[in-house]
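Please read the structure below before turning to the comments.
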Amino acid sequence: MHGLVNKALQSFISDAFGGVVWHDVAQHSGITQLLGADGFEAMQSYDDSLTESVIEAAVILLRRPRDSLLEDLGTYLISHERMEPLRRLLRFGGVSFTDFLYSLDELQGRSHLAVPDLALPDLVISEAGPDSFLLTCTGGPLGFGHVMVGILRALADDYGALVVLEHRGMQRADRADGTPGTVDLIGIEVHDPAYHAGRRFDLATEAAQ
Amino acid sequence: MMEGDLRQPGFHLGPGALGQLMPMYLSLDSACRIRGAGPTLLKLMGEGAIGKPLEEVFTLRKPRNAAQASVLLRAQRLQMSLRGTPATTFKGTAVPLLGDGVLLNLSFGFGVRDAVREHGLSATDFADTDLAIELLYLYEAKTAVMGELTRMADRLRGARVRAEEQAATDPLTGLGNRRAMEAALDRLLRGGEGFALLHIDLDYFKQVNDTLGHSAGDHVLAEVASRLRRSVRAGDLVARVGGDEFVILLAGVLDRAALARVGATIYDHMRLTITHEGHPCPVGLSIGAVLVGPGSDQGEAALVSLADLALYASKRAGRGRMMLWNADQSVSQELARADGAERRIMTG
């Protein structure tokens with residue numbers, strides 16, 4: 001898994017639950033022993049099993065269900081100030097939440113332009129009815145669908161849209177290179193695209209951090 | 001249209017449709033007066049710009065002036081900026097309109113980020129086919145990635161400095177450094193079994209360095225280090241503690257005879273003159289020695305200064321010899337000498 005993903009997971013655990021918890025998770029999962037006290041580096045690649053052992057250790061130490069922990073990770077990626085660059089990059093997808101949903105088809109391509117070796121899952125958005133969508137995520141790591149639900153929930157809030165999200169299940173579908181992957185289905189109902197003002201988004205800020 | 005006429009028929013677009021395709025178009029009459037503009041450009045110029053001469057609203061850079069529309073049409077590429085602040089710059093292309101007048105299409109070029117920020121533009125101000133949004137996206141992605149790389153480089157630099165501080169090896173010679181020597185000396189004093197300390201200084205090193213250059217000097221240091229290493233047992237500590245200063249710690253060496261044998265071995269190894277790229281580098285060794293008996297309660301600093309006294313005595317006696325500091329009589333005594341040391345004094 002790309003270091004950016006692993007670094008985000010590390011930041012999430014230490015920002016949301018404290019540096020002490022990250023310290024314990026890193027010890028418990030063997031990260032400290034393997035990578036040293038700094039943990040993951042953003043611009044390196046790591047074996048998928050490392051990511052999995054961090055998630056497992058966090059689930060045990062925090063006594064949290066895996067799915068809800070991953071959904072909180074997704075929310076953190078958008079709403080925490082440390083992750084502001086990521087929120088902005090996703091907001092470039094569209095001027096409204098619905099517009100953004102249509103841009104998800106391009107997310108893989110966009111991310112590829114920025115970080116060529118960041119292997120994001122393939123996302124396909126389809127219309128299931130008026131203001132109703134189905135998002136299919138193919139080739140993500142186990143549990144990616146729940147992270148995506150958290151991301152979508154936080155972004156809907158960011159745009160000021162009133163949205164109902166439903167994780168409709170997951171199937172095992174290994175990637176082309178044989179590594180384990182999944183297909184996640186997420187239902188999205190947009191009840192009101194302009195329910196509240198949302199957060200401001202300027203295309204170009206003073207100094208993009 | 002006549003049959004067989006392959007010319008394209010002209011296009012008829014209303015201002016609304018044109019503005020949707022090109023939100024930064026500018027329509028001029030043949031005297032270069034602004035007749036109309038796309039919605040985004042209109043936002044930047046203000047409604048009052050309509051009807052004014054082009055050069056009242058824009059400063060022209062390429063071409064320098066445009067009294068007539070034909071001048072614009074001849075220019076390969078247009079460059080202009082808004083009069084007043086912010087002086088947003090544009091590049092553009094001019095094409096003739098059917099009938100009369102000129103149509104310009106403008107773009108921000110590399111200044112797109114500044115323009116977007118200064119004029120508060122949003123995605124709807126750009127045509128859907130414009131890559132401006134992708135450019136802004138890439139700018140931010142690049143900045144985020146570079147930020148991560150910079151932070152990583154900072155962490156690595158910090159780690160390297162810490163590693164260097166903790167290092168016990170002299171990179172030039174591969175010997176221990178002063179830190180390694182102090183640690184070993186401390187261990188020997190705690191162990192209390194007695195040992196010998198040799199403080200070694202290179203003779204004539206400065207001359208070699210000055211006349212043959214630093215690389216010759218470095219070569220001499222590395223070669224001397226290797227010869228010293230070969231002169232003692234594998235377990236003995238040999239350290240480079242300064243520019244051309246070395247220390248050897250000999251555990252269990254307790255008497256003058258044993259020390260004298262080590263001195264003879266060192267001078268034997270030093271007998272062949274070191275050469276660098278064919279040039280001889282004639283250096284010698286002055287050695288000050290101290291014997292530390294079992295259970296000695298001497299401190300490190302005191303020991304080192306006694307060895308210094310012996311080294312000084314060696315230098316004063318003519319260099320190229322090992323002097324032992326005799327604590328009982330506060331004098332030093334010669335234990336070993338390099339071949340030709342006497343001759344050196346005469347000529348050196």
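Every value quoted in this text rests on a predicted model; they were computed, and no experiment measured them. Labels below follow one simple rule: chain letters A, B, ... track the order of the sequence lines, proteins then strands, and each chain is numbered from 1.
- Heavy atoms of A:Arg110 lying under 4.5 Å from chain B belong to its backbone as well as its side chain.
- Of the two parts of A:Asp202, neither the backbone nor the side chain holds a non-hydrogen atom closer than 4.5 Å to a non-hydrogen atom of chain B.
- Not less than 6.0 angstrom separates the ring centroid of A:Tyr159 from the ring centroid of A:Phe201.
- When heavy atoms are compared at a cutoff of 4.5 Å, B:Leu138 approaches chain A solely by way of its side chain, counted from C-beta outward.
- Salt bridge present: B:Asp114 and B:Arg117 bring a charged side-chain N and a carboxylate O closer than 4.0 Å.
- The aromatic rings of A:Tyr102 and A:Phe133 lie perpendicular to each other, with more than 60° between the two planes, well past the 30° mark.
- Residues B:Arg151 and A:Glu41 are not paired through a salt bridge, judged by the lack of any N-O separation under 4.0 Å between the basic side chain and the carboxylate.
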